[in-house]
Amino acid sequence: MGREQELARIEDRLGAASGGAGQVLLLAGEPGVGKSRLAEQAAALAARLGMRCCWGRATDEEGNPAYWPFRQVLRALEQSEGAQDGPGGAQDGPGGAQDGPGGAQDGPGGGQDRPEGGRGRAEGGRDRPAGLVVPDFGAMNEAESRFRLFEDVSGLLAAGAEKDGLLVVLDDLHWADEASLRLLVYLARGAAAARLAVLAIYRDTEIGEPLRRTLAALAGEASVTRVRLTGLAESEVGDLLAGVTGWPSPEPVVGAVSRRTRGNPFFVTELARLLGGEQGDEAELPAGVRDAVRGRLDRLSAWCGQVVSAAAVLGSAVDPPALAAAAGWEVAEVLDALDEAAAAGILTTARDARAGGTGSRFGHDLIREAARLEVGTAQRLTLHRRMAEHLIGRVDAADRTSEVAFHLLESLPAGDAGLAVAWAERAAEQAMAQLAWEEAAALYGRAVAVAADAALSGPDRCRLLLARARAQVRAYDMVEARRSLLAAVDLAREAGDARTVGEAAMIMEGVSDFVWDDVGAALYAEALAGIPERDSVLRARLLAQYAVSHAWSSPGEAETRSAEALAMAERVGDRRAVKEALRARQLARSGPDGVTDRLALGDRMLAMGEADRDDDAVLWGRLWRFDALAQLGRLDRAEAELAPIDVVARRLRSPLTRWHALRCRAAIALARGRFDDAVVLGEQALELSRRAGHEGALVPSHAFLLNLRILTGSSGEPIDAPGPVNPGIVVVPAIWASFLVAAGRREEARQVYRTLQPPTSSSVPPFLLVAVLALITELAAEFGDRETAARTYPAMMPYADLFACGGAGVITIHGSMRLPLGRAAATLGRLDDAVRHLRAAAEVNERAGTPPMAAFSRYELARVLARRRRPGDRDEAAALAESAGAAAGELGMAPLRESCAELARSLSGRVAGPLTRREDEIAVLVSQGLTSRQIAAAAHIAERTVENHVQHILVKLGFTNRAQIAAWVASGRPRRPDGTGSE
């Protein structure tokens with residue numbers, strides 16, 4: 001996982017070795033990073049190339065003989081000689097043929113009678129490994145004996161590689177004896193002409209002097225390739241967690257594990273075992289990781305261990321002078337200990353951007369955690385207190401606000417709570433200024449948590465809570481933001497402070513939230529009642545928010561109050577109040593009648609934002625323009641707003657602004673027929689809203705993905721029925737009913753449809769009116785509901801030139817309103833009107849650049865033409881069905897493609913003419929008033945098949961609805977003038 005580049009390099013070198021150019025690969029990394037796993041994959045690659053593979057492993061156990069890794073390799077090679085040559089003939093993995101001390105050791109002089117130093121001859125002259133013999137150094141000088149030995153081993157390995165190639169894996173080379181390391185250097189220098197590859201694996205955190213010299217000696221060799229493994233990327237950590245736990249972990253958990261482990265696969269795997277309980281940064285270290293880390297810490301001297309533990313308490317980065325000051329030690333002594341820790345790989349050298357030089361830090365948070373556990377509580381609190389005192393006394397204390405706050409907070413309860421709150425608040429303000437919303441919320445939260453110990457007054461605690469809520473709204477943590485706001489309101493009420501109640505409620509400005517709306521409306525009313533009834537900035541702002549909170553339930557009230565708020569804000573001359581009043585006006589005018597007003601309001605807000613360098617205002621201005629342009633059907637201009645929206649959303653760095661940018665991009669992607677892009681964008685928006693607990697974004701995000709499923713017919717994950725939502729949001733159950741129809745669950749869809757009331761301007765929020773009218777009309781057409789179509793048709797006529805989408809917060813763009821108008825007219829039997837509307841719908845959707853809606857319009861036009869049956873209608877309908885079906889196929893709209901194909905077949909003559917026997921049976925059952933589901937049960941066929949038969953009957957007989965079929969059956973099934981009828 002995540003090692004594709006490294007594997008590609010290894011595969012390349014193995015290919016070279018297989019072709020006769022010997023290679024040595026040095027694979028380095030820290031413990032647990034996946035070196036052995038990569039070596040196993042390398043062995044598999046070698047096997048595919050037909051190469052044999054032999055393993056040897058050094059150990060840190062006492063009593064191992066010299067050249068132990070090579071002894072294992074040669075023993076495995078010797079044992080494999082009897083195996084059949086060829087790919088996969090000898091795959092001796094770790095532990096396969098490892099002779100331990102006393103197993104197959106030739107003592108001094110044990111093989112001196114063999115003239116070639118342990119090398120024998122096989123039949124046919126091929127060298128055959130016979131085990132490695134360490135010669136009696138007394139027999140010749142040391143240099144000569146080692147040379148002969150190295151020559152023997154090189155010859156044996158070259159002979160073993162001669163036919164098919166050979167991969168030698170030397171694991172844990174950091175524990176190898178120096179002689180083995182020298183032999184490796186010799187192999188590297190003489191392997192160029194052999195079909196031999198050596199993969200040497202070592203921990204670069206435990207490099208002793210022998211290995212250091214070996215690596216230096218290998219540095220200039222052309223046959224040597226270095227591969228260093230680092231931690232997995234965060235996305236790869238998420239994949240590994242999912243593989244271990246069996247389910248995908250939330251992004252915060254993945255991020256926490258990634259930070260703590262730095263992507264080390266071993267540590268990630270150990271932490272993954274905790275994810276059934278506490279998750280993320282709060283998880284306790286598992287014994288496996290702790291033991292692995294302690295093994296490294298135990299190798300340090302006692303003094304070094306003490307310094308490392310103290311440093312671990314104070315942070316990941318180590319500042320020697322500060323550490324000395326906090327612990328009361330001499331700087332020189334601290335530096336000596338840190339050098340030892342660095343040599344052991346406990347600390348690493350890192351660039352210190354603040355000091356302009358280099359410093360030290362812990363190689364792993366887990367190493368630091370294990371070291372920190374060695375420090376007692378009292379000592380830990382004292383270290384933090386003294387570190388804070390040291391930092392406060394520095395000339396750069398203002399630049400280290402967060403560090404000071406951290407150490408003061410960590411020194412509690414022994415430290416000064418009041419001082420800790422003051423510095424935490426200062427650090428949070430600094431984080432807010434840097435747009436680090438999450439950090440600010442956390443700091444304010446810690447300040448609130450210790451406020452009682454600091455003896456803070458109610459107003460001071462209220463101030464902290466409101467500041468925390470502002471940060472949480474920015475961080476898009478709506479659940480916690482509501483909690484902080486209500487806690488602040490309780491404190492304000494205790495103090496009789498209506499002004500603060502209003503200020504608390506207004507923190508939710510700019511956030512539409514079903515869960516909050518009723519509470520917010522009550523708070524605005526409470527605050528308005530508690531302040532003087534005269535012009536003021538606060539009153540103007542409260543009036544604006546009061547209007548916003550009534551935009552869903554009382555459009556008339558929102559219209560009146562928003563106009564009052566804007567007028568007052570302009571009188572008092574406060575630009576912030578004007579901007580909030582503009583937003584209230586935008587929502588009050590969010591119905592289809594106010595579309596041009598909203599475009600003008602967007603222009604005004606955008607101009608104010610750019611003049612004030614107010615990114616929030618710029619964003620809202622852009623979003624209002626996007627929504628208005630989409631409803632006007634000017635999709636090119638709406639799409640042109642996407643890039644500026646992205647730019648300002650990135651500057652604001654708020655998840656909520658990111659959600660708005662995503663929903664706009666997703667809406668355009670769907671309208672343009674870029675469904676793959678729409679799925680990705682929609683799922684990202686859904687995940688953002690889910691993490692935030694924001695119903696105002698969660699519900700429309702779910703609805704968007706439902707619409708995608710309807711259009712594409714994709715299966716994906718099972719979808720449950722939506723839960724209860726705001727009663728005014730009839731769009732959600734309407735979309736659900738449409739989804740059920742598309743899924744073939746017509747009776748369930750019919751039951752949902754029966755619960756829906758025909759929409760009116762007083763029963764539906766203005767911004768949803770045209771979208772809901774279009775959806776309800778589609779369902780009325782699907783179920784032949786003439787009564788509802790008779791209501792929706794005149795209600796839609798004033799908006800015939802608009803597009804079916806929301807007026808505020810566009811989620812899905814359903815194309816020209818001419819399409820639902822055409823369907824309503826067809827349901828009413830007004831076929832000429834239907835043809836007129838649907839021709840216009842096809843032209844408008846094509847011109848606007850929304851291929852999916854253009855294809856739907858052509859299909860519906862074909863259906864109506866087939867029913868109208870004027871001269872030329874049938875031929876035109878057949879051409880339109882073919883055209884719409886082809887477009888649907890290219891776009892990936894499987895349901896529409898199938899419907900077009902069915903219609904095309906019926907128009908091509910393949911189902912034309914008199915009714916078939918089955919169609920006649922269905923017609924009779926229709927005349928009995930049975931539903932499609934009941935007919936399906938009676939005829940033992942699928943409900944969708946029944947609907948297809950009914951459609952064919954309507955086309956053949958030129959009827960528009962089931963009532964006409966029933967009348968035709970009752971009149972004896974006479975033949976039509978064109979000769980069609982019953983057989």
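One-based numbering along the sequence shown.
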Within-4.5 Å side-chain heavy-atom neighbours: Gln23 and Leu14:
no
Atom of Val331, atom of Pro321 and distance for their closest heavy-atom approach:
CG2-CA, 4.2 Å
May I ask you to say whether Glu40 pairs ionically with Arg37, meaning some side-chain N is under 4.0 Å from a carboxylate O?
yes
Within this structure, what is the OG-CG distance for the pair Ser180 and Leu173, rounded to the nearest 0.5 Å?
8.0 Å
Between Leu170 and Phe70, which heavy-atom pair has the shortest distance, and what is it?
CD1-CZ, 3.7 Å
Is there side-chain contact between Leu187 and Val24, with heavy atoms separated by less than 4.5 Å?
no
Working to the nearest 0.5 Å, report the span between CG of Leu323 and OG of Ser360.
10.5 Å
Could you tell me if the side chain of Val307 sits less than 4.5 Å from the side chain of Trp329, heavy atoms only?
yes
I'd like to know whether Leu199 forms a side-chain contact (heavy atoms from CB on, under 4.5 Å) with Leu167, so could you lay out the CA-CA distance, the side-chain angles of the two residues, the decisive distance to 0.1 Å, and finally the verdict.
CA-CA 7 Å; Leu199 178 59; Leu167 170 63; 4.1 Å; yes
Is there a side-chain contact between Trp303 and Glu333 in this structure, where contact means two heavy atoms from C-beta onward sitting under 4.5 Å apart?
yes
Any side-chain heavy-atom pair from Val169 and Cys54 closer than 4.5 angstrom?
no
Under 3.5 Å, side chain of Arg57 to main-chain N/O of Asp172, donor-acceptor pair present?
no
Under 3.5 Å, is there a donor-acceptor pair between the side chain of Glu340 and the main chain of Ser301?
yes
Please name the pair of heavy atoms, one in Leu218 and one in Val185, separated by the smallest distance, quoted to 0.1 Å.
CD2-CA, 3.9 Å
Interatomic distance, OG1@Thr382 vs CE@Met387, rounded to 0.5 Å, equals 13.0 Å
Minimum heavy-atom separation for Leu45 and Glu11, please, with both atom names.
CD1-CB, 3.9 Å
Working to the nearest 0.5 Å, report the span between NE2 of His390 and CG of Leu383.
13.0 Å
Interatomic spacing from SG in Cys304 to CG in Asp336 - rounded to 0.5 Å:
10.0 Å
Do Leu26 and Val227 touch side chain to side chain, with heavy atoms closer than 4.5 Å?
no
Does Glu236 reach the main-chain N or O of Ala233 with its side chain, forming a donor-acceptor pair under 3.5 Å?
yes
Looking only at heavy atoms, what is the nearest atom pair of Glu374 and Ser309, with distance?
CB-OG, 3.7 Å
Out of curiosity, Lys35 NZ to Asp171 CG, how far, rounded to the nearest 0.5 Å?
8.0 Å
On a heavy-atom basis, which atom in Leu157 and which in Leu166 lie closest, and how many Å separate them?
O-CD2, 3.8 Å
Whether Arg52 and Asp164 form a salt bridge (side-chain N of Lys/Arg under 4.0 Å from carboxylate O of Asp/Glu) is what I want to check.
no
Residues forming a ring-ring contact (aromatic ring centres under 6.0 Å, His included) with His384, sequence neighbours excluded
Phe406, His407
Evaluate the criterion side-chain contact (heavy atoms from CB on, under 4.5 Å) for residue pair Val313 and Arg368; output intermediate values, then yes/no.
CA-CA 8 Å; Val313 168; Arg368 180 191 160 214; over 6 Å; no
Could you tell me if the side chain of Trp55 sits less than 4.5 Å from the side chain of Val73, heavy atoms only?
no
Go through Leu27 and Tyr202 one step at a time and tell me if the side-chain contact (heavy atoms from CB on, under 4.5 Å) criterion holds.
CA-CA 6 Å; Leu27 177 58; Tyr202 64 94; over 6 Å; no
Ile10 and Leu38, any side-chain heavy atoms less than 4.5 Å apart
yes
